[in-house]
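Below is one structure, written out as structure tokens; comments come after it.
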Amino acid sequence: MNEKLRILQMIENGQISAAEAAQLLQAVDSGGSGYSLPPVPPPPPVGHSSSGKKYEGYTNNGRPSGDSHSSFDDIGQKFESFVRDAAPKVEKFAEVVASQIAGVAGRVSDAFVSPAPSHTSQAHRPEPPKPSAPKSSGGMCEKQIEIPVETSGYNELNISGFNGDIRLKGYNGDKITARLTYRAKKANSYIELVKLGGKYFLKYEPDDFGMVSIDAYVPERAFGVIKVDGMNGHLDASSLSASEMRFSNANGSTALSGLAAGNLYAESSNGRFSVSNIAAESATIENLNAPLETDELDIAKLKLSNYNSPLSIIISKFERYSEYIWSVETGNAKLNINLPTAPNLGYHIKAHAAMGEIRLGLTGLQYLINEPSLVEARSTSFDGSAKKVKLGVETSNAPLLIN
């Protein structure tokens with residue numbers, strides 16, 4: 001019998017170990033000096049192994065039963081051909097052959113395709129798998145980020161996400177601390193919060209991801225400009241101050257609170273929108289197809305609009321500015337405004353309700369126009385008031401209430 005086939009059979013019969021087989025194979029390739037092969041014992045009894053356990057899948061000649069392509073002869077032929085081409089890889093064979101010997105011959109060949117390891121005194125152990133990018137099958141991933149923010153000079157923050165929530169909360173610190181949650185569509189997709197000059201932004205290719213969400217604590221007064229864009233998720237921003245703020249969200253609820261800005265622009269659609277405790281020199285707030293609830297807006301110049309859902313405004317005081325100019329508009333939905341009264345506070349109100357009714361409940365007003373769908377009124381002390389509020393209000397197909 002061919003020497004290499006005998007070695008192969010002795011491994012299968014448990015006579016020698018895989019390491020011993022490697023040494024024997026090396027001896028055979030070098031001419032056989034220093035080693036001799038023990039005789040091959042008779043095959044085990046039908047249906048049993050030498051250990052007494054059932055020896056399934058073998059015939060009485062000791063070979064695997066079944067089709068000829070899985071026989072020992074086929075394995076031997078493949079092994080002979082392989083050894084000629086891959087003799088330097090014999091040490092790798094010593095590691096894996098014990099578990100592969102009784103399998104299909106193709107599996108034996110597959111075990112040898114990797115390059116041979118460098119010679120060591122111990123059997124080669126493969127490196128542990130390295131972390132890889134998320135697979136396109138869609139597993140969720142998380143990444144913790146901490147990036148220092150230079151508080152001197154001009155800074156800009158730009159955050160965008162989709163199919164996930166965005167939460168930004170200001171705090172008294174000098175670092176952005178964030179948790180990114182995302183689902184990548186393919187391996188090696190890149191996403192990171194980066195700094196470029198004074199600009200800090202979430203960098204990624206939207207086409208590479210199925211979802212991007214961020215939850216971050218941000219230095220509350222470190223940025224001159226803050227821009228946030230979301231889609232199909234909740235957007236929540238609070239306790240931040242900047243010269244300019246822009247927020248946009250679609251198909252998800254939006255909550256803005258505790259913000260101070262020179263100029264504020266916020267738009268939302270198809271999700272409940274709440275705006276509270278906002279101080280700004282000027283602001284534009286727009287919403288579509290969902291309720292818009294606002295309270296404690298201390299904004300000098302305000303344009304506020306909501307369509308196809310109710311709009312409510314609750315104000316307890318006008319504090320920062322001496323003059324306020326507000327334009328409020330709704331379409332196809334009820335508009336309800338609750339305003340404060342004070343001795344030093346004067347109103348000039350123009351209200352129009354197309355196909356609706358106007359109800360004006362403020363006291364101390366002088367009416368210039370008083371019709372069911374059109375009203376203009378001024379506080380009797382308007383000219384001498386320390387704080388003046390000029391309010392233009394319009395709605396359609398629904399009542400307009402000012403109290």
Side-chain angles (χ1 to χ4, degrees), residues 133-134 141-186 188-252 254-269 275 278-286 299:
C141 297
E142 255 190 24
K143 178 184 288 190
Q144 299 289 334
I145 295 175
E146 187 175 88
I147 180 169
V149 177
E150 297 179 7
T151 55
S152 61
Y154 174 84
N155 289 325
E156 180 177 323
L157 178 64
N158 196 325
I159 298 295
S160 63
F162 60 96
N163 298 332
D165 297 340
I166 299 175
R167 177 178 174 268
L168 299 181
K169 183 176 179 61
Y171 80 109
N172 185 20
D174 60 359
K175 298 178 181 178
I176 298 174
T177 303
R179 182 179 72 249
L180 294 179
T181 306
Y182 57 93
R183 184 174 62 250
K185 293 181 179 178
K186 58 184 181 181
N188 301 321
S189 297
Y190 177 86
I191 183 168
E192 192 63 76
L193 186 64
V194 300
K195 176 183 182 295
L196 182 62
K199 295 185 177 181
Y200 300 75
F201 57 97
L202 190 58
K203 183 179 181 181
Y204 65 94
E205 289 294 332
D207 291 344
D208 292 347
F209 292 86
M211 186 275 279
V212 173
S213 175
I214 182 168
D215 186 350
Y217 283 88
V218 176
E220 58 186 344
R221 294 182 176 88
F223 296 96
V225 176
I226 297 175
K227 299 179 180 179
V228 183
D229 293 299
M231 180 177 291
N232 302 328
H234 178 66
L235 190 159
D236 187 340
S238 62
S239 305
L240 293 167
S241 177
S243 297
E244 181 179 346
M245 293 185 181
R246 298 182 67 88
F247 299 95
S248 177
N249 195 34
N251 304 325
T254 304
L256 306 178
S257 64
L259 306 180
N263 299 298
L264 170 69
Y265 177 78
E267 64 174 352
S268 179
S269 61
V275 184
I278 306 296
E281 293 179 7
S282 66
T284 299
I285 301 172
E286 300 177 348
I299 300 170

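Bear in mind the structure is a predicted one, so any value in this text is a computation, not a measurement. Along the sequence shown, residues carry numbers from 1.
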Is there side-chain contact between [X] and [Y], with heavy atoms separated by less than 4.5 Å?
X      : Y      : value
Asn232 : Phe162 : no
Ser241 : Glu220 : no
Ile226 : Val228 : yes
Ser243 : Asn263 : no
Glu146 : Thr177 : yes
Leu180 : Leu202 : yes
Tyr200 : Glu150 : yes
Leu157 : Leu240 : no

Query raised in the report: Does the side-chain contact (heavy atoms from CB on, under 4.5 Å) test come out yes or no for Glu244 and Tyr265, once each step is laid out?
Result: CA-CA 8 Å; Glu244 181 179 346; Tyr265 177 78; over 6 Å; no

Please report the interatomic distance [atom1]([X]) to [atom2]([Y]), rounded to the nearest 0.5 Å.
X      : Y      : atom1 : atom2 : result
Tyr182 : Tyr204 : OH    : OH    : 13.0 Å
Thr254 : Glu267 : OG1   : CD    : 9.5 Å
Lys199 : Asn155 : NZ    : CG    : 11.5 Å
Phe247 : Leu256 : CZ    : CG    : 5.5 Å
Asp174 : Ile147 : CG    : CD1   : 12.0 Å
Lys203 : Leu193 : NZ    : CG    : 12.0 Å

Report yes or no: does [X] contribute a side-chain atom to a donor-acceptor pair with the main-chain N or O of [Y] at less than 3.5 Å?
X      : Y      : value
Lys143 : Ile191 : yes
Asp165 : His234 : yes
Asn163 : Gly210 : yes

**Report entry** Worked check of side-chain contact (heavy atoms from CB on, under 4.5 Å) between Ile176 and Ile145
**Finding:** CA-CA 8 Å; Ile176 298 174; Ile145 295 175; 6.0 Å; no

Query raised in the report: Shortest non-hydrogen contact from Gly173 to Pro219?
Result: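 Between these two residues, the closest heavy atoms are O-CB, 3.2 Å.
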
Query raised in the report: Which heavy atom of Ser239 sits nearest a heavy atom of Lys169, and at what distance?
Result: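 Result for this residue pair: OG-NZ, 4.1 Å.
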
Query raised in the report: Are Arg179 and Asp215 close enough, and set up right, to give a salt bridge (Lys or Arg N to Asp or Glu O under 4.0 Å), and what steps lead you there?
Result: CA-CA 5 Å; Arg179 182 179 72 249; Asp215 186 350; 3.6 Å; yes

Query raised in the report: Can you check side-chain contact (heavy atoms from CB on, under 4.5 Å) on Tyr217 and Arg167, steps first, answer last?
Result: CA-CA 8 Å; Tyr217 283 88; Arg167 177 178 174 268; 3.5 Å; yes

Query - CA sep, side-chain torsions, deciding dist, call: Lys227, Glu156, side-chain contact (heavy atoms from CB on, under 4.5 Å) - result: CA-CA 8 Å; Lys227 299 179 180 179; Glu156 180 177 323; 4.1 Å; yes

Requested in this report: Using a cut-off of 6.0 Å, state whether more than 12 heavy atoms not belonging to Glu205 lie near its atom CD.
Outcome: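 No - once you tally the heavy atoms of other residues, nucleotides and ligands closer than 6.0 Å, there are 12 at most.
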
